[in-house]
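None of the values given here were measured: they were computed from a predicted structure. Throughout, protein chains are lettered first and strands after them, A, B, ... in sequence-line order, and every chain is numbered starting at 1.
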Number of protein chains: 2
Amino acid sequence: MKSSGINSGQEDGSGEPNLNEQAYRRLRDALIGGVFLPGAKLSIRKVATALGTSAMPARTALRRLAAEQALDILPSGSAVVPRLSREAFGKLAAIRAELEPLAVRMAADNLASLDFVRLTALSDRQLRALADSDPETVLAADRDFLFTIYAACGSSILLQFIGSLWLRRSPLFWDARWMIMSRAGLPHRHAAMIDLLRAGNGAGAAATLREEIETATALLLEQYPFRGPQEGDGLATLAQRP
Amino acid sequence: MKSSGINSGQEDGSGEPNLNEQAYRRLRDALIGGVFLPGAKLSIRKVATALGTSAMPARTALRRLAAEQALDILPSGSAVVPRLSREAFGKLAAIRAELEPLAVRMAADNLASLDFVRLTALSDRQLRALADSDPETVLAADRDFLFTIYAACGSSILLQFIGSLWLRRSPLFWDARWMIMSRAGLPHRHAAMIDLLRAGNGAGAAATLREEIETATALLLEQYPFRGPQEGDGLATLAQRP
DNA sequence: GAGACGATAGTGTGATCACAAAATGAAATC
DNA sequence: GATTTCATTTTGTGATCACACTATCGTCTC
């Protein structure tokens, strides 16, 4: 991926991530890692304290995540981790089912042999984690696998949109991780996608992914207790994370 | 559209838009209206002066627009109006061709008779503006027509994504407005879409829209002088707009 | 004319503050 | 127990400032 000289204001002049960017990344990673439960309120001052910064970087990061749809804003102005209704989750999945296969199709001609080495390793890693009942690694390997493909699509906007969708539903997915773990057939599809992509069949790989998204969505729509109980806000855990 | 009690931090307690939101809307509308040329730099202090606020609302609005992909951020941290390459424009259109028909399909069952009255009026308005050689109204009627449909899709995220795509390519579209005006067949498709939607054929309307997006994209990819000359930054015009 | 250098102006970032609004908890009332 | 009221605390917003970095411009040298 070539750098276009355009970034998101993420580094100071020396190339180090500035405090805005560090706060954003830590919050983003915390969202992905299930630190916050759906419905958790994130106060600027409390996040700043947990991150060890003044209020400004926390505020900027929270507002950025809100603009990216990862967080909602209450009428009071407070940021809150989205609590997805069954309907909202279904619609989010419908958007994913359009955008992620598009990214696969766009990426198909750009994947190099090093990418395939990496994809194979990630697929294997997921298999092992599944056998080891390690949901965190299963979810991470899944994410890394798909984003390795998407990274080759050549569209930073498309990557951003997909990232937003993943962020938005991360808390729910983390909450549902044991349900997802019990689902059969997951690793075979990644291996199948690798084979299709190797064979130059981007459309086939895209269709396989679409089916995977739709299958996972149907499972969750059927089994996940939308609007389950919520406790705690996760800020103590945020302060402890690097 | 029902309010979910969740907003984007856009109003103070009394329901008035706060300064952040006012600055955001004015900048957004200025982007849509072609006030800024692609490549124009938007300094926080200059935008604040033009808007008549302190730096904070301007800064917040610029960062929000950047997070939404409407603006890019240079390595220096300055916000800049995106200058789309031919490739980037083509990819942006590919994303539109996935998301906007999805919105039409999702909206099809939710459109009410008042919506059709409005859609018909907007289609007629666009016809008149086309006859009157009034590009601003043509583009505005096109936008209002489509967003009237999309508003019924039931997904705030999808609306946000589509809005982001429209914002990002607005400066270019404004620049290309006379080229777009010369294109034949535009109003017939909106009338056809209305008929299809009335008949409950959301998939047909979505396919018609997809064809429209792809036709317009092909025209611009062929004829628009990507990386044309750029002058001025538009900040004086921003200060004058309400 | 091209490039390097230095001075100056402009710029974004992060910190901090004040204020008004929202949230919270306790006490009183029904 | 449920609701209302009130006092207090918390909270987001907007303003302002200082600082370090970036951009610009003018001058000098080759």
Side-chain angles (χ1 to χ4, degrees), chain A residues 5-27 39-67 71-81 230-233 235-236 238, chain B residues 5-27 39-67 71-81 230-233 235-236 238:
Chain A
I6 296 184
N7 64 33
S8 301
Q10 64 199 16
E11 282 119 10
D12 62 23
S14 66
E16 292 294 309
N18 62 27
L19 293 183
N20 286 340
E21 179 66 19
Q22 289 178 48
Y24 169 77
R25 289 178 186 174
R26 285 180 64 181
L27 280 171
K41 281 190 200 170
L42 303 184
S43 123
I44 291 169
R45 288 186 170 100
K46 286 184 177 153
V47 167
T49 299
L51 295 178
T53 69
S54 77
M56 278 307 301
R59 184 168 155 183
T60 304
L62 288 170
R63 287 296 172 271
R64 181 172 165 191
L65 287 163
L71 298 175
D72 287 337
I73 301 291
L74 296 175
S76 64
S78 299
V80 62
V81 179
Q230 317 293 350
E231 291 182 17
D233 61 17
L235 284 166
L238 178 66
Chain B
I6 295 184
N7 64 33
S8 301
Q10 63 199 19
E11 282 119 7
D12 62 24
S14 65
E16 293 293 309
N18 62 28
L19 293 183
N20 286 340
E21 180 67 19
Q22 288 178 49
Y24 169 77
R25 289 178 187 175
R26 285 180 65 180
L27 281 170
K41 281 190 200 170
L42 303 184
S43 120
I44 291 169
R45 289 184 169 100
K46 286 182 177 156
V47 167
T49 299
L51 296 178
T53 68
S54 77
M56 277 307 302
R59 183 168 156 183
T60 304
L62 287 170
R63 287 295 171 273
R64 179 168 165 194
L65 287 163
L71 299 175
D72 288 334
I73 301 291
L74 297 174
S76 64
S78 300
V80 63
V81 179
Q230 317 294 348
E231 291 182 15
D233 62 15
L235 283 165
L238 177 66

Worksheet item: Do L74(B) and K41(B) touch side chain to side chain, with heavy atoms closer than 4.5 Å?
Response: yes
Discussion item. Let me check the geometry of the helix from dG1(C)-dC30(D) to dC30(C)-dG1(D). What is the bend angle between the axes at its two ends, five pairs each, to 10°?
Written reply: 30°
Worksheet item: dC19(C) P sits how many Å from R45(A) CZ, rounded?
Response: 14 Å
Item to complete: Please determine, for the side chain of S78(A), which listed nucleotide (dA15(D), dT11(D), dG14(C)) has the closest atom?
Response: dT11(D)
Worksheet item: Starting at CZ of R59(A) and ending at P of dT16(D), how long is that distance when rounded to a whole Å?
Response: 14 Å
Worksheet item: Rounded to the nearest Å, what distance is computed from the CZ atom of residue R63(B) to the C1' atom of nucleotide dT11(C)?
Response: 11 Å
Worksheet entry | Whole-Å gap separating P (dA21(C)) and CD1 (I73(A)) | 19 Å
Worksheet item: In whole angstrom, what separates I44(B)'s CD1 from dG14(C)'s P?
Response: 11 Å
Worksheet item: How close or far is atom P of dC19(D) from atom CE of M56(A), stated in whole angstroms?
Response: 18 Å
Fill in: Side-chain N or O of S54(B) closer than 4.0 Å to phosphate OP1/OP2 of dA15(D)
yes
Worksheet entry | Pairwise distance CG(N20(A)) to CZ(R63(B)) - rounded to 0.5 angstrom | 8.0 Å
Worksheet item: Tell me: OH of Y24(B) to P of dT13(D), nearest whole Å?
Response: 15 Å
Response to the item:
Of the listed dA22(C), dA23(D), dT11(D), the closest approach to the K41(B) side chain comes from dA23(D)
Discussion item. I want to check one thing: is the phosphate of dG14(D), taken as OP1 and OP2, less than 4.0 Å away from some side-chain N or O of N20(B)?
Written reply: yes
Practice prompt. In whole angstrom, give the distance that lies between atom NZ of K46(A) and atom C1' of dA22(C).
Written response: 13 Å
Item to complete: May I ask you to test the I73(B)-V80(B) pair for a side-chain heavy-atom distance under 4.5 Å?
Response: no
Discussion item. Once side-chain hydrogen bond (donor to acceptor under 3.5 Å, both in side chains) is applied, do any residues pair with S78(A), and if so which ones, sequence neighbours excluded?
Written reply: S76(A)
Worksheet item: Does T49(A) have any side-chain contact (heavy atoms from CB on, under 4.5 Å) partners at least two apart in sequence or in another chain, and if so, which?
Response: none
Fill in: Close side-chain approach of R25(B) and Q22(B), heavy atoms under 4.5 Å
no
Fill in: Distance-minimising heavy-atom pair for A55(A) and A48(A)
CA-CB, 3.9 Å
